[in-house]
Chemist: 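Before I ask anything, here is the structure I am working with.
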Amino acid sequence: MISNSQLTLVIVLHVVLYTTALFASFYILGDRLDTEHPFSLSKRGQFMIFFGVQAIGFAALMCKGEDIARIVGEKAFPYVFYGLMIVFVVIGMILYNIVPKRWILPLGIAGWITTFSWTFWHFVFHDPSHHLH
């Protein structure tokens with residue numbers, strides 16, 4: 001069993017890792033703040049944050065991939081997997097155009113938090129010894 005101090009350390013490192021990854025991806029992809037409007041994000045930046053909504057579906061595929069493979073079969077699984085990824089991206093693009101603009105950032109941030117939390121808890125508590133071999 002994990003002690004409270006170990007769990008706290010893992011959570012803090014988890015948040016630092018994913019926050020760093022998010023800001024690094026913004027930097028690498030060239031989405032920088034406008035100097036005239038330092039607190040505004042471009043459309044591209046808003047979409048990158050909103051991509052957290054689609055990432056929930058990717059996390060579901062990652063965490064439940066073995067179950068899905070058992071249901072559809074090993075040969076069909078790659079097609080189903082990539083097909084579902086395409087469906088998640090298309091649904092995300094449609095939602096981005098439908099959702100009111102004031103909800104883009106809160107939904108995207110909530111999506112990223114849910115995605116990272118789900119994958120973190122899955123891989124830590126599902127079967128930790130399975131992932132260490």
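We're numbering straight along the sequence, starting at 1.
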Chemist: With hydrophobic residues grouped by side-chain heavy-atom distances under 4.5 Å, do Val90 and Leu84 end up in a single group?
Modeler: no

Chemist: Quick one: CD on Glu66 to CD1 on Ile71, what's the gap to the nearest 0.5 Å?
Modeler: 12.0 Å

Chemist: List the steps and the verdict of side chain to side chain contact (heavy atoms under 4.5 Å, CB included) for Phe81 and Ile68.
Modeler: CA-CA 9 Å; Phe81 181 81; Ile68 296 170; over 6 Å; no

Chemist: With rounding to the nearest 0.5 Å, note down the distance linking CD1 in Ile98 to CD1 in Ile91.
Modeler: 10.5 Å

Chemist: In chain order, what residues pass the ring-ring contact (aromatic ring centres under 6.0 Å, His included) check against Phe88, with sequence neighbours excluded?
Modeler: none

Chemist: Side chain to side chain contact (heavy atoms under 4.5 Å, CB included) between Ile109 and Ile49: does it pass, once the steps are laid out?
Modeler: CA-CA 6 Å; Ile109 291 170; Ile49 292 174; 3.9 Å; yes

Chemist: Let me see the working for Val89 and Phe58 under side chain to side chain contact (heavy atoms under 4.5 Å, CB included), right down to the final yes or no.
Modeler: CA-CA 10 Å; Val89 169; Phe58 297 151; 3.8 Å; yes

Chemist: May I ask whether Val87 and Ile56 are part of the same hydrophobic cluster, defined by side-chain heavy atoms of I, L, V, M, F, W, Y residues being less than 4.5 angstrom apart, directly or through others?
Modeler: no

Chemist: Side-chain heavy atoms under 4.5 angstrom apart, residues restricted to Ile, Leu, Val, Met, Phe, Trp, Tyr: same cluster for Leu61 and Tyr82?
Modeler: yes

Chemist: Mind checking whether Ile86 and Phe51 sit in one hydrophobic cluster, side chains of I, L, V, M, F, W, Y counted as touching below 4.5 Å?
Modeler: no

Chemist: For residues Phe47 and Gln54, report the shortest heavy-atom separation together with the two atoms involved.
Modeler: CZ-NE2, 3.8 Å

Chemist: Check Gly65 against Phe77 and note the closest heavy-atom contact, atom names and distance.
Modeler: O-CE1, 3.4 Å

Chemist: With rounding to the nearest 0.5 angstrom, report the OG1 to CG distance, Thr114 to Leu107.
Modeler: 10.0 Å

Chemist: If you take all heavy atoms of Trp112 and Gly52, which pair is closest and at what distance?
Modeler: NE1-N, 3.2 Å

Chemist: Regarding Lys101 and the six-membered ring of Tyr96, is the cationic atom NZ or CZ under 6.0 Å from the ring centre and inside 45° of its axis?
Modeler: yes

Chemist: Would you find a donor on one side and an acceptor on the other, under 3.5 Å apart, between the side chain of Thr119 and the backbone of Phe116?
Modeler: yes

